[in-house]
Amino acid sequence: MNFKVPRGTQDILPAETWKWQQVEQIIREVCDVYRYKEIRTPIFEQTELFQRTVGDTTDIVQKEMYTFTDRGDRSLTLRPEGTASVVRSFIENKMFGYPDQPVKLYYSGPMFRYERQQAGRYRQFVQFGVEAIGSNDPAIDAEVIGLAMDVYKRAGLSKLKLVINSLGDTACRSAHKTALIEHFTPHIDEFCSDCKTRLDKNPLRILDCKVDSNNPLIASAPSLSNYLNEESVAYFEAVKGYLEDAGIEFEVDANLVRGLDYYNHTAFEIMSTSEGFGAITTLCGGGRYNGLVEEIGGPTAPGIGFAMSIERLLLAMEAEGVSFEVAPTLDVYVVTLGERAKRAGAKVLSALRTNGLRADMDYTDRRMKAQMKSADRLEANHVIVIGDEEVDEDVVMLRNMATRQQEKISTAEVVQKILQADKEG
Ligand code: HAM
């Protein structure tokens with residue numbers, strides 16, 4: 001039997017992890033500059049947490065969760081997203097009591113959704129996300145959006161489109177909901193069975209149904225923008241003002257509703273406009289979630305955040321032809337001939353590594369020529385050659401691979417010699 005990675009998952013091999021590490025480094029640096037601190041939450045949570053936050057009628061909860069019963073008969077779910085866990089932790093750890101509000105957190109880790117696999121869509125993917133919880137200031141909305149844009153810019157992306165919308169507050173949402181029910185009710189037979197149940201519970205979800213997306217009644221549905229009250233309009237205007245001041249270009253799209261239930265006021269997505277990018281162009285999505293902390297038992301603490309998958313970020317970098325830093329090569333490769341030389345070589349190797357030099361040697365008893373080939377392939381800066389003669393004299397042959405010069409040098413001095421050469425080189 002040949003085993004394969006489960007559908008929708010992938011192995012990330014060393015040539016790729018090197019790229020991941022560079023992107024992760026950018027993320028850490030940008031978060032540091034904006035004073036967002038890392039939080040790590042478990043990969044699974046109580047199922048009900050996602051039902052209550054992401055929403056019972058969403059595709060994520062209805063169709064995409066990896067839910068299982070553990071041996072203690074508890075229903076647990078592999079997290080499909082990070083906001084629910086962060087908000088749970090915010091409440092559980094009483095972060096609302098921290099003197100500096102909002103509490104600014106970021107996370108990066110695997111999320112799981114049972115989705116149809118296609119380019120840029122996986123069943124296990126890594127989301128980097130931030131959450132700023134404890135402020136209702138439109139300036140923080142612009143900060144969060146700015147942080148996401150900075151990550152992309154630092155990663156070398158330029159073909160980006162930021163789309164924003166306001167989903168209003170509870171009052172506007174409820175007026176809009178009534179209008180949607182009136183709009184869809186006479187024609188609900190034309191829709192899928194999920195949409196039929198969504199009609200009364202949460203008609204907004206009909207608008208992002210993957211099955212009925214081409215039904216013209218979706219395009220002609222009443223727009224939330226016509227139901228925004230004065231307060232919501234003022235909030236949205238303030239967010240736009242802050243974005244303009246920060247020089248962040250955006251488009252307003254009244255049809256942007258997002259696929260999770262906890263949003264209100266600001267919603268946004270960042271797309272790649274690069275031609276080489278596949279069908280799925282959304283790189284990042286986020287928005288405000290006032291009321292979510294209360295919804296799961298916490299005090300009033302309005303929040304906003306976003307998440308982006310690293311997979312899509314890397315795909316966008318590839319589509320735009322961004323070049324990655326070259327991976328560092330070996331400082332030293334130790335070539336040994338014979339058993340005694342190998343023991344001496346292992347000792348030198350250990351001293352090199354203790355001094356922070358990247359060093360390796362052969363462990364398959366190959367001939368000298370093959371070992372030298374490895375040194376070339378691994379682009380070692382120096383090669384140390386040890387044979388019986390060198391062991392007897394307590395020396396090594398040190399070759400500089402750039403100049404091809406070599407010299408005999410005492411074993412005790414070789415590490416210092418290489419460190420010195422690296423400093424000068
Ligand atoms: P979301 O729109 O469901 O929002 O996902 C955010 C991002 O995660 C997407 O834009 C995409 O980059 C990535 N993503 C989602 N599903 C997949 C998939 N199957 N394969 C690859 N990448 C994927 C959220 O998850 C919210 N928690 C965002 C948020 C944080 N809102 C407020 N705070």
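All ligand and atom numbering here is 1-based and tracks the order in the structure.
- For atom 33 (N) of ligand 1, the nearest protein heavy atom (residue, atom name, distance) is Glu131 OE1, 2.8 Å.
- Under the side-chain hydrogen bond (donor to acceptor under 3.5 Å, both in side chains) criterion, Glu318 pairs with no residue, sequence neighbours left out.
- Below 4.0 Å from some heavy atom of Gln127 lie the following atoms of ligand 1, by number and element: 5 (O), 6 (C), 7 (C), 8 (O), 24 (C), 25 (O).
- Ligand 1 has at least one atom lying under 4.0 Å from a heavy atom of Arg113.
- Nearest to atom 29 (C) of ligand 1 by heavy-atom distance, out of Phe125, Tyr263, Tyr289, is Tyr263.
- No heavy atom of Gly8 sits closer than 4.0 Å to any atom of ligand 1.
- When each atom of ligand 1 is checked for a heavy atom of Arg121 under 4.0 Å away, the hits are 19 (N), 20 (N).
- The protein atom (non-hydrogen) at minimum distance from atom 30 (C) of ligand 1 is Thr83 OG1, 3.0 Å.
- Taking the ring centre of Tyr242 as origin, the terminal cationic atom of Lys240 falls outside the region bounded by 6.0 Å and 45° from the ring axis.
- Defined by atom type and a distance below 3.5 Å, a donor-acceptor pair is present between the side-chain atoms of Thr77 and Thr67.
- Between the side chains of Ser272 and Ser274, not a single donor N or O lies within less than 3.5 Å of an accepting N or O.
- Within the structure, the closest approach of Met111 to ligand 1 does not fall below 4.0 Å when heavy atoms are considered.
- For ligand 1, the atoms closer than 4.0 angstrom to any heavy atom of Gly286 are 31 (N).
- Nearest protein heavy-atom neighbour of atom 1 (P) of ligand 1: Arg258 NH2, 3.5 Å.
- Looking at Asp150 and Tyr34, their side chains do bring a donor and an acceptor atom within 3.5 Å of each other.
- Counting only N and O atoms by type, the side chains of Tyr262 and Thr83 include a donor and acceptor under 3.5 Å apart.
- Protein heavy atom nearest atom 12 (O) of ligand 1, with residue, atom name and distance: Leu283 O, 2.8 Å.
- Atoms of ligand 1 lying under 4.0 Å from any heavy atom of Thr282, numbered from 1 in the order shown and given with element: 10 (O).
- Tyr36 and Tyr107 have their aromatic ring centers separated by at least 6.0 angstrom.
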Does the side-chain contact (heavy atoms from CB on, under 4.5 Å) test come out yes or no for Leu49 and Ile296, once each step is laid out? CA-CA 8 Å; Leu49 176 69; Ile296 56 165; 3.8 Å; yes
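- Close N/O approach between Tyr122 and ligand 1 is found [any backbone or side-chain N/O within under 3.5 Å].
- Proximity to Cys284 (heavy-atom distance under 4.0 Å) selects the following atoms of ligand 1: 10 (O).
- A side-chain N or O of Arg366 and one of Ser374 form a donor-acceptor pair less than 3.5 Å apart.
- A donor-acceptor pair under 3.5 Å links the side-chain atoms of His183 to the main chain of Leu217, judged by distance alone.
- Atoms of ligand 1 found under 4.0 Å from any heavy atom of Glu81 (numbered from 1 in listed order, with element): 25 (O), 26 (C), 27 (N).
- With ligand atoms numbered from 1 in the order given, ligand 1 contributes 16 (N), 17 (C), 18 (C), 19 (N) to contacts under 4.0 Å with heavy atoms of Glu115.
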